[in-house]
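Scope of the values below: all heavy atoms of this structure, side chains included, with no hydrogens, waters or symmetry mates. Residue numbering restarts at 1 for every chain, and letters A, B, ... go by the order of the sequence lines.
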2 protein chains.
Amino acid sequence: MSSAMPRPRSLTPDRIASAALTVIDRDGLAGFTMRAVATELSMSAMALYRYVDDRGELERLVVEGVLDRIDTDPPDPELPWADRVTIMVGRMRAAVAAHPAIASLVPVHRHRSRAVLRWTETVLGLLTEAGLTGQRRVVALRGLLSYLLGAIQLEHLGPLAGPGTAVLAELAPEAFPYLADTARTARHISPDAEFDGGLALFLRGLADPPRPRPG
Amino acid sequence: MSSAMPRPRSLTPDRIASAALTVIDRDGLAGFTMRAVATELSMSAMALYRYVDDRGELERLVVEGVLDRIDTDPPDPELPWADRVTIMVGRMRAAVAAHPAIASLVPVHRHRSRAVLRWTETVLGLLTEAGLTGQRRVVALRGLLSYLLGAIQLEHLGPLAGPGTAVLAELAPEAFPYLADTARTARHISPDAEFDGGLALFLRGLADPPRPRPG
DNA sequence: CCTGTAGGCGTACGACGTATACCTACGAGG
DNA sequence: CCTCGTAGGTATACGTCGTACGCCTACAGG
C-alpha cells in the first residue's frame, strides 16, 4: 500500500466560478469559453479539466456561485406573508441581476444550488402560512418560479423602456391600436415597477381563496 | 440600362424554416446547424447564405415559422374575458409545445413574428375589456408573457412529474420538510394542470381591482 | 445567340470543446 | 537526503462549428 500523495490542488470551485464570472461580466456569455476562463486563471485550457468534467459543469459552478449568495433566511415574521414572498423573490432576482448575462443559464442549472433548496423551503413555508397545501401549493410555487425566471429573462433580453418597445410604438399605426398605445405607455415603466407589479398580481391571485364571484 | 435577370430563387423562407424544424425535431437544438439544415435542403452549407445573413436569422425564421401558425382571432365573445385570455395564452403555449426544443429560442426572437403582434393586440383588447388601462395594462401583459415564457421553458427543461422532482422527494429528508412533501405531491400533477393552475392564479389577481382588504 | 446577374459550391480559416500523451512538482516512506 | 508514485499542468491535435472568399454556371432578358 503506497502512500505518495502528490502535488495538492491549487484551485477551489469558488475560485473557478469567480474567474468564470469575471469573464462573463467582461465579455458576455459569448466570451464564456473554456480557454478564456483558463486564461483568466493563468492556466492552459486543458488544466481546467482537472477540476471540471466539461463545459456543462463549469456553467453549473457559475450558476451555483451566483445563487449561493442568496440570503435564504426567512424575512421579518411581522410582515404579511405576501410581503415576505416578495422579499424572497426579490432576493433571487437581485442575485441574477448582479450578473445579467447568466440569465439563460439559470433555468438550466438552478437545481444544483443548495441555496435554491433553502430558498424554496423558505418560500414553501410562506405559502403554507398563506393557507396553501397540497397541489395548490405546488402550483403556486411553480407559478412563482415561472414568473420569476421568465421575467428575469425578458428583462435581460430587452427592458420595457428599451428600443424594442420604441419600435412597436411607431411601427404599429392603425392596424394595432392597443399595441401602439401600450408601447408608448410602456416606455415610462421602470424594470422594478414592472417586475413588482406583475408579481403583485400573482400574489393577489394567491391571496383570494377560490370561491364563486359575488353578483 | 441592362435587364438580364438571372436564375430565380429556388427556396422560400417557409421552406427553409420547415427544413430547419425537421432537423430540430429530429436531432434537437444541438443538431441545429447550418450544415445540417443545408443538407436537409439538399444544398451545400454555403448555399444557405444566399437566403440568410447568418445563423441568427435562420433561428429567427424558425421561431417565426412556429409562431406564425398561432390562431390570433379573438375567441368567442360570449365567454368571460379570463377564459378568453386563457385560450389565447394556451394557443401560444401549444404552438411552442409542438416543437419543444425551440423553447429557449422563443424569448430571443419572438418580436419578429407578425403573428405575435396580432396575438398581443388581441390579448390587450381582452385586458382592456377586463378594465385595465395605462400602466396597469402594460404590467398585466408583460406579467402574462413572463409567466408564459418561463413556464414553457421550465416545462421543457423538466416536467414537474419528472426525475428532477423525484430526486427532491428523496434527497430532502428532515432538513427540508416542506420541499420533500411538496415534491411528493408534485409527481401527480400533469403539465397542463400545472400550467393552467398558475395562469388562473395570475388571472384571479387581474380580476380583483386593487382595494383595501376587508377585515 | 450573347450577356450579366445571382444561385450554388469548394475550400479554407479561426475558434470552439475536448481526447490523448507527455512532463513534472511534490508529499510520504525509506 | 533520496526515491517513488500520484496527480497537476501543458502541448498538440482532431473534429465540428460559423462563415469569408472566389469560382463556376444556370438562366431571363436583349
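- In this structure the side chain of B/Thr182 never reaches within 4.5 angstrom of the side chain of B/Thr165, judged on heavy atoms.
- Phosphate proximity of C/dC16 to A/Thr33: present, with a side-chain N or O under 4.0 Å from OP1 or OP2.
- One atom, CE of A/Met34, and another, C1' of D/dC17, lie 17 Å apart when rounded to the nearest Å.
- Mapping B/Gly56 and A/Ala45 onto DNA chain D via the closest heavy atom, the residue that lands nearer the 5' end is A/Ala45.
- Along DNA chain D, the nucleotide nearest to B/Arg7 and the one nearest to B/Phe32 differ in position, and the one closer to the 5' end is contacted by B/Phe32.
- A salt bridge is absent between B/Arg60 and B/Asp53; no separation between the charged side-chain nitrogens and carboxylate oxygens falls under 4.0 Å.
- Side chain B/Arg55 to base D/dG18: no donor-acceptor pair is found below 3.5 Å.
- The CE atom of B/Met5 sits 11 Å away from the P atom of C/dG7 (whole-angstrom rounding).
- Regarding B/Met46, its CE atom lies at a distance of 9 Å from the P atom of D/dT19, rounded to whole Å.
- The side chain of A/Ser10 places an N or O atom within less than 4.0 Å of a non-bridging phosphate oxygen (OP1 or OP2) of D/dG9.
- Taking atom OH of B/Tyr49 as the reference point, atom P of D/dA20 lies 7 Å away to the nearest angstrom.
- Of the listed nucleotides (C/dG8, D/dT19, C/dC26), D/dT19 has the atom at the smallest distance from the side chain of B/Arg35.
- Rounded to whole Å, atom C1' of D/dA20 lies 13 Å from atom CG of B/Asp53.
- For A/Arg9 and D/dG8, a side-chain-to-base donor-acceptor distance below 3.5 Å is absent, hydrogens and geometry of angles not being considered.
- Contact annotation: B/Tyr51 side-chain N/O to C/dG8 OP1/OP2 distance is under 4.0 Å.
- The CZ-P distance, from A/Arg50 to C/dC22, rounds to 14 Å in whole Å.
- For A/Pro6, the side-chain atoms get nearest to D/dA7 when compared with the rest of D/dA7, C/dT5, D/dT10.
- A/Glu64 places none of its side-chain heavy atoms less than 4.5 Å from the side chain of A/His109.
- Between A/Val63 and A/Val108, every side-chain heavy-atom pair lies at or beyond the 4.5 Å cut-off.
- The separation between A/Leu29 atom CG and C/dC16 atom C1' is 15 Å, rounded to whole Å.
- Rounded to an integer number of Å, the gap from CD of A/Glu57 to P of C/dG17 is 15 Å.
- Other residues, nucleotides and ligands contribute only 12 or fewer heavy atoms inside 6.0 Å of the CZ atom of A/Arg114.
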